[in-house]
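Since we're looking at a predicted model, the values are computed, not measured. In the text below, chain A, chain B and the rest are named by the order of the sequence lines, each starting its count at 1.
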Amino acid sequence: MAVRANVECCVVQGSYRSRSGEDGPETIVELWCRAREGHSVLLLVHGMRPYLDIAVPGRPTAELPEDIEQRLERVRQTNGVTRVHEPQEKWTELGTKPHWRVEVKQPYAMTNRQGSGVRDKLEDDWETTSADIMFVNRLFYDNDVGPHIRADAEVLWASDSAPEELLATLPETHRGDEARTESAERVRESGGEGLYPVDLIVSCNMTQVTQCEAFPAPFVLFSFDLETSIAEETILCAAAVVQSGDERTEHTFRGSEREILEGLTRLVRESDPDIITGYNIDNFDLPRIESRMKALARGTDIQSASELFGWGRVPVFDADGGRLLPKKDTGRRRTWRIQGRCVLDAWWQARMTLRPQRETLRFVAELLWPERDDLHKLDVDASRMDEEWAKDPDLVLEYCLRDAILPLEILSHIHAVERKEALAAVARVPLEVATAGTTSQWIDSMVIRLADREGVAVPRTSRGGKTEQIEGGYVHEVEAGLQPWVAVLDFKSMYPSIMISNNVCYTTRIDERKRPDEEVPEDAHESPFGASFLPASSRRGLVPQLLEHLMEQRDIHKRALDDAQENGDGSAEMFHDQMQFAVKILMNSFYGVFASNFYRFTHPQLGASITAWARSNIKQIIGQLEDEGHPVVYSDTDSVFVTAPIDESAPTLEPEEGSDREAWDKTCAELIGFGQELAEKYSVEGAELEFEAGLSVFFSHGAKKRYVGRKVWPRSEMLVRGYEVRRSDSFNLLTDVMTGMFELILDGESNEAVQHILQLIKRVRAREVEPADLVISRSCKGRVNPDGSIDFTRVYTNPDGLPFVRAAKQRIAAGLNFTPGMKVGWLVTNGKKSPMTIEAWLQEETGVEQTDYDPEFYAKRIATALGRISEAFGWSADDLLKGNRQATLFSF
DNA sequence: ACCAGTTCCTAC
DNA sequence: TAAGGTAGGAACTGGT
């Protein structure tokens, strides 16, 4: 008798299987999930059919073509087509017209090669839509669910790790190791591949899969690291750490390469992780395991290969063994695909969230945990791994294990898993799409399901080439010098707001050429660009609907976040904070996707209109403010920096602790009042202006996107934008001295600031500064050749003219890892030559001290960067280098 | 000394 | 091929 169970889980990844049964072809969706209670689940979903929609090409006609029946009959007779549904009206760019849903045998029948797929064949006579949707996505769209689902399902098998209460309800034929053989057969009967390496295997119909409220799923993480020989390409040893909740288990592997790889594979299959991590595993460890697996496996025997690298969450004993092996996807997908799991590389996550100056694991560990020597102490020279391994294998193994632990620490520190799960929940995609997918996939997930509900046909992603660039945001000129008392105002979610209030959407764009008979109401929204959009009363756009919903969602999470903070509920606080952040990210992604020239619901007029409205709004406000006597000192896209009308006798410096603050506090209050007043005055429905910050002083050297300010509201802090201080390709010494300089300038001590610089330049020339503080770094591209070497010529016109390419080449020559896109550091050893000579900075990895640098180069570079700023006070870069001023134009 | 071209990184 | 956007500053090379 069938036992049913209610499962609440988060979908990690989905896939599908095809079979032909007695009732014809069937496509079964496989969902790999982690249940709320902690066990892993494989869910087989039945009842879905692959399909596409077809319509008569061109503008809709009053009558269908006379031969429509014959045409449809030809469709029915097309090889691969199993059924044609009754027509439904759907909106297209050319008007609303009937669409027939065409079911096909299997997903592959849609697009199989040589133009013989159903889609290709039908395209000659029909307009095809909904014809490039990945089959698994259909479950999420058609059922309107996200990653957190509830399924009322039949239990096919449960391991002993499944929840006790569930096991108690199961007959012996359905549980534990003794029931493996017959259970595997049962799973196959239900369309699965056999006994998947999970805790619970269940099956249900798509109607039994419903949305459940998002919850933090107790994912299992697997982090690993390899140490490899530099001379031989072989693997010397490996370490892995499995994390489940707060528990961690550590494992080390040594011996023959075969033993190491088999050991890792057994551990993956036994510990059953959802997420695979490590440091730069996408570019280093996973490719290395693959190449060693190929060298060690017996020919092309899948069985033998899978013993070494069968990390996929599918049964081992199966003819269809291709899914057992991880694969680097075709195309330029950044990460690997491991069936049933997702790869979350700590390197990439750290890079994106921390923007470290350098990207070695050592550097990131030191950045995050400066006090913890045990995490970044260097005891092994990575560039001499063979010698180190020969000398002290235990030490190398210890080092390897530490490098397997660190990625888990990094992911946890930056809440990477929570962030990805929240993104998945808001975009309503499997976890793997949140971690490895693209922005347009997230937007697709939100837009397509709404389009389906609203009867809008879903066009294919266009393959058009480059089109003309659209005009972007407006940036106001900024004058060099100090400006006291400035209020910063900005539009709240400017682009989303514009899209909502003007009903901007692919489905609302008025196009008299494409739809000449469409009624154009008087109150259409006409953008300054010239394009027009229907008012919401005629047709509400998909995008405005989605954005409005997201805005509401964000408010809900923000309120829940406040409540959680008040109640001291840490986990709820984390959850709602991640959710509101994910909503923000997704809201801001809409504009970019719709302004791109390839997205399926795109038209160049959409992006151009949005930015035109934005420019018009901000310029109008600037004009009004200036007319009213409030000078605008700066503005960028959605912000305005306005001089507050504050009496010249008011203090501009915050008084010392304890001294009389009355005048200061009063002035701050005036500034705040002014800011709030402006925000209220200039806010209109759909274009809300917010008082963002109050600055007691603002400074720029006169370049757009570069400024600093002393914030007095809402918090006291220094605000810096654009300057070297913010840039990851600056060097510490410059960053530090510039930060100090800004502090002094904002305090009105520009003379003092200049004196500091002069002294620093002296110290640099006397070689009295730490070489580590002079390391410059930039990211470096490259193409990996089949043999693993890097080709720089395919990405750079003159690679050897670029210092970072030379630094990358030095790294490679030293036997250290280089992966395209990674940041490389260097010291300039002779700046007089052209190109300058440099030395790659390898000290963090080799432990070998590097002291050679060109003092004059650094003196000059510091003088140039700081001179731009001190120029406002009469000190040019040359003056700084000379140590005195020729002529005094100003006095301070 | 100055210029054009290439490249990266940042602000929105 | 697969793919969110534009505006803008600055460093450097390799020329005149």
query: Any Lys/Arg nitrogen of E123(A) or R460(A) sitting under 4.0 Å from an Asp/Glu carboxylate oxygen of the other?
result: yes

task: Using the closest heavy atom to pick a nucleotide of DNA chain C for each, name whichever of I776(A) or S596(A) lands nearer the 5' end.
output: S596(A)

- request: Give a yes or no on whether a salt bridge exists between E717(A) and R710(A), defined as a side-chain N under 4.0 angstrom from a carboxylate O.
  value: no

query: What are the residues of residues 721-728 of chain A, sorted by number, that bring a heavy atom to within less than 4.0 Å of DNA chain B?
result: R721(A), G722(A), R726(A), R727(A), S728(A)

message: At 4.0 Å (heavy atoms only), tell me whether K823(A) reaches a base, stays on the sugar-phosphate, or touches nothing.
response: sugar-phosphate

- prompt: Along DNA chain B, 5' to 3', what are the outermost nucleotides having an atom less than 4.0 Å from a heavy atom of chain A?
  reply: dT6(B) to dC12(B)

query: Which part of the nucleic acid, if any, lies within contact of T611(A), taking any heavy atom under 4.0 Å across all strands shown: a base, the sugar-phosphate backbone alone, or nothing?
result: nothing

- prompt: Is H476(A) touching bases, backbone alone, or none of the nucleic acid, heavy atoms closer than 4.0 Å?
  reply: nothing

field: dA3(C) pyrimidine/purine six-ring stacking with F598(A), under 5.5 Å and 30°
entry: yes

- request: Give the rounded distance in Å between these two atoms: CG of D132(A) and P of dA2(C).
  value: 12 Å

Please list, one pair per line, the donor and acceptor atoms closer than 3.5 Å that link side chains of residues 606-613 of chain A to other protein atoms, with sequence neighbours excluded.
| residue | atom | partner | partner atom | Å |
| --- | --- | --- | --- | --- |
| S609(A) | OG | S527(A) | OG | 3.1 |
| S609(A) | OG | Q605(A) | O | 2.6 |
| T611(A) | OG1 | E471(A) | O | 2.7 |
| T611(A) | OG1 | G607(A) | O | 3.3 |
| T611(A) | OG1 | A608(A) | O | 3.2 |
| T611(A) | OG1 | R615(A) | NH1 | 3.3 |

task: Classify the nucleic acid contact of M836(A) as base, sugar-phosphate or nothing, counting any heavy atom under 4.0 Å across all strands shown.
output: sugar-phosphate

- request: To the nearest Å, give me how far apart NZ (K860(A)) and P (dA10(C)) are.
  value: 18 Å

Residue T864(A), side-chain heavy atoms: nucleotide from dA11(C), dG8(C), dG4(C) that is nearest: dA11(C)

message: Ring-plane angle category for Y506(A) and F601(A), please: parallel below 30°, perpendicular beyond 60°, tilted otherwise.
response: perpendicular

message: Output the rounded distance in Å from CZ (R861(A)) to P (dT13(C)).
response: 11 Å

- prompt: Rounded to whole angstroms, how far apart are CZ on R460(A) and C1' on dA2(C)?
  reply: 15 Å

- prompt: In terms of side-chain geometry, is the basic nitrogen of R778(A) or D729(A) positioned less than 4.0 Å from the acidic oxygen of its partner?
  reply: yes

message: Using a heavy-atom cut-off of 4.0 Å across all strands, would you classify G592(A) as base, sugar-phosphate, or nothing?
response: base

query: Looking for any heavy atom pair under 4.0 Å, which part of the strands does F857(A) touch: base, sugar-phosphate only, or nothing?
result: sugar-phosphate

task: Measure from NZ on K833(A) to P on dG14(C) and round the result to the nearest Å.
output: 13 Å

query: Nearest to the side chain of A595(A) - dA10(C), dG5(C), dA3(C)?
result: dG5(C)

- request: Can you tell me which residue pairs pass the salt bridge (Lys or Arg N to Asp or Glu O under 4.0 Å) test with a partner in residues 596-606 of chain A, sequence neighbours excluded?
  value: D132(A)-R600(A), D444(A)-R600(A)

message: Are the side chains of Y474(A) and S616(A) in contact, using a 4.5 Å heavy-atom criterion?
response: no

field: Chi angles and distances behind the side chain to side chain contact (heavy atoms under 4.5 Å, CB included) call for H603(A), F594(A)
entry: CA-CA 8 Å; H603(A) 188 280; F594(A) 284 85; over 6 Å; no

field: Within residues 791-807 of chain A, residues whose heavy atoms come under 4.0 Å of DNA chain C
entry: N798(A), G801(A)

- prompt: Between Y707(A) and F641(A), how do the two ring planes meet: parallel, tilted or perpendicular, split at 30° and 60°?
  reply: perpendicular

query: Q469(A) side chain N/O closer than 4.0 Å to the phosphate oxygens (OP1, OP2) of dA7(C)?
result: yes

query: Which whole-number value in Å describes the distance from M587(A) CE to dG4(C) C1'?
result: 15 Å

- prompt: Does the pair R868(A)/E724(A) count as a salt bridge with the N-to-O cut at 4.0 Å?
  reply: yes

Candidate nucleotides dA10(C), dG14(C), dG4(C), ranked by approach to the side chain of T439(A) - the nearest: dG4(C)

task: In whole angstrom, give the distance that lies between atom CG of D729(A) and atom C1' of dA10(C).
output: 9 Å

Spacing of R783(A) atom CZ relative to dT1(C) atom P, expressed in whole Å: 14 Å

- line: Assign each of S639(A) and R351(A) the nucleotide of DNA chain B bearing its closest heavy atom; nearer the 5' end lies the nucleotide of R351(A)

message: Just checking M134(A): does its CE atom have more than 12 heavy atoms from other residues, nucleotides or ligands closer to it than 6.0 angstrom?
response: no

Expected list for residues 732-741 of chain A: side-chain donor-acceptor pairs under 3.5 angstrom, two or more places apart:
| residue | atom | partner | partner atom | Å |
| --- | --- | --- | --- | --- |
| N732(A) | OD1 | Q357(A) | NE2 | 3.3 |
| N732(A) | ND2 | D773(A) | OD1 | 3.4 |
| T735(A) | OG1 | S730(A) | OG | 3.1 |
| T735(A) | OG1 | F731(A) | O | 3.2 |
| T739(A) | OG1 | T735(A) | O | 2.7 |

query: Among dG14(C), dA11(C), dG9(C), which nucleotide sits nearest the side chain of K704(A)?
result: dG9(C)

query: When the nearest nucleotide of DNA chain C is assigned to G473(A) and to S589(A) on a heavy-atom basis, which residue is associated with the more 5' position?
result: S589(A)

message: Students often mix this up, so state it plainly: with edges at 30° and 60°, are the rings of W826(A) and F804(A) parallel, tilted or perpendicular?
response: tilted

query: When all nucleic acid strands are considered with a 4.0 Å heavy-atom cut-off, which category describes I443(A): base, sugar-phosphate, or nothing?
result: nothing

